[in-house]
Amino acid sequence: MSGLEIERKFLVRHDRDFRSQASSCSRIRQGYMGARTATVRVRTRDDKAYLTIKGPSVNGGMTRYEFEKEITLDEAEHLFALCESGMIDKERYLVPVGEHVFEVDVFHGDNEGLIIAEVELGSEDEPYERPDFLGPEVTGDRHFYNSHLRHNPYYLWRDKLPEQYR
């Protein structure tokens with residue numbers, strides 16, 4: 001897949017249930033390679049693997065170019081050896097809400113306790129139904145980018161967030 005990715009990102013309230021609404025759950029592991037003008041990611045998701053290249057964000061972090069190609073698990077394991085330190089480990093729950101599916105990521109390891117939801121849109125102004133488990137929008141806030149979390153993990157700054165989000 002390649003083209004524009006348009007998504008909005010939100011903190012998830014820990015006192016609200018989203019898991020019972022999920023249609024599936026996957027385990028994701030991902031690493032990043034050094035690149036100056038793009039984000040290069042290697043990801044395994046259950047029994048599949050992907051190489052993804054993302055361009056710089058525009059419009060407050062909502063839109064950016066994305067290229068993604070499925071690779072073999074063996075290729076992913078070899079590419080992980082080339083990744084910088086700081087692997088991301090998380091579970092992804094797919095939660096259908098109205099006409100959209102929210103991807104809710106529950107982080108592990110150094111980012112334990114962080115839960116973020118994303119919704120992909122067809123256009124920047126596309127309306128969507130807002131589920132009750134969403135907290136404040138963090139689209140464009142680099143603290144919540146996976147590529148940033150590997151160098152500045154959540155455990156270092158979690159106390160800056162209100163209790164219902166930690």
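The basis for the numbers below is simple: all heavy atoms, side chains too, and nothing from hydrogens, waters or symmetry mates.
- Glu70 meets the salt bridge (charged side-chain N to carboxylate O under 4.0 Å, His left out) test with Lys48; sequence neighbours excluded.
- Partner of Phe10 under the side-chain contact (heavy atoms from CB on, under 4.5 Å) criterion, out of Thr139, Ile116, Val119, Val138: Val119 alone.
- A donor and an acceptor atom, one from each side chain of Ser26 and Arg92, are nowhere located under 3.5 Å apart.
- A donor-acceptor contact under 3.5 angstrom links the side chains of Gln30 and Tyr32, judged on distance only.
- Between the CD1 atom in Ile115 and the NZ atom in Lys90 there is a gap of 13.0 Å [rounded to 0.5 Å].
- A single hydrophobic cluster is not seen to contain both Met87 and Tyr155; linkage of ILVMFWY side chains at heavy-atom distances under 4.5 Å, directly or through other members, places them apart.
- For the atom pair CD of Gln164 and NE2 of His14, the computed distance is 9.5 Å after rounding to the nearest 0.5 Å.
- Checking side-chain atoms of Arg158 against main-chain N and O of Arg166 turns up no donor-acceptor pair under 3.5 Å.
- Of the possible polar contacts, none joining the Arg142 side chain to the Ser147 backbone as a donor-acceptor pair under 3.5 Å is found.
- Taken together through direct or relayed side-chain contacts under 4.5 Å among Ile, Leu, Val, Met, Phe, Trp and Tyr, Val58 and Leu121 form parts of separate hydrophobic clusters.
- Here the shortest heavy-atom pairing between Val40 and Ala35 reads CG2-CB, 3.9 Å.
- Salt-bridge formation is detected for the pair Glu5/Lys54: a Lys NZ or Arg NE/NH1/NH2 atom is positioned less than 4.0 Å from an Asp or Glu carboxylate oxygen.
- Once rounded to the nearest 0.5 Å, the distance linking CG of Leu79 with CZ of Arg43 reads 14.5 Å.
- Hydrophobic clustering (ILVMFWY, side-chain heavy atoms < 4.5 Å, transitive): Leu51 and Phe67 are in one cluster.
- Between the side chain of Thr63 and the backbone N or O of Ile6 there is no donor-acceptor pair closer than 3.5 Å.
- You'll find the ring centres of Trp157 and Tyr165 outside the 6.0 Å limit.
- Taken to the nearest 0.5 Å, the CG atom of Asn59 stands 13.0 Å off from the CZ atom of Arg64.
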* Between Glu137 and Arg8, does a salt bridge (charged side-chain N to carboxylate O under 4.0 Å, His left out) hold up when you go through it step by step? -> CA-CA 7 Å; Glu137 185 167 2; Arg8 296 181 77 166; 2.6 Å; yes

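- Under the side-chain hydrogen bond (donor to acceptor under 3.5 Å, both in side chains) criterion, Ser123 pairs with Asp125, not counting sequence neighbours.
- Arg29 and Glu77 are joined by a salt bridge, as a carboxylate oxygen and a charged side-chain nitrogen come within less than 4.0 angstrom of each other.
- Rounding to the nearest 0.5 Å places CG of Asp47 at 7.0 Å from CG of Leu73.
- Judged by distance alone, with hydrogens and angles left aside, the side-chain atoms of Asp110 form no donor-acceptor pair with the main-chain N or O of Tyr154 at under 3.5 Å.
- In terms of heavy atoms, Cys25 sits closest to Asp46 at O-OD2, 4.3 Å.
- Between Tyr145 and Thr39, the closest side-chain pair of non-hydrogen atoms is not below 4.5 Å.
- Cluster membership check: Val12 does not share its hydrophobic cluster with Phe144, using side-chain heavy-atom separations under 4.5 Å among Ile, Leu, Val, Met, Phe, Trp and Tyr.
- In this structure, Glu126 contributes its side chain and Gly122 its backbone to a donor-acceptor pair below 3.5 Å.
- Look at Lys9 and Asp141 and you find no salt bridge, because none of the NZ, NE, NH1 or NH2 atoms lies under 4.0 Å from a carboxylate O.
- Both Leu156 and Leu149 are part of a single hydrophobic cluster, where members link through side-chain heavy atoms under 4.5 Å apart.
- Sorted by first and then second residue, the pairs that involve residues 77-110 and meet ring pair (Phe, Tyr, Trp, His ring centres under 6.0 Å), not counting sequence neighbours, are Phe18-Tyr93.
- Distance check, rounded to the nearest 0.5 Å: CD1 of Ile28 to OH of Tyr50 gives 9.5 Å.
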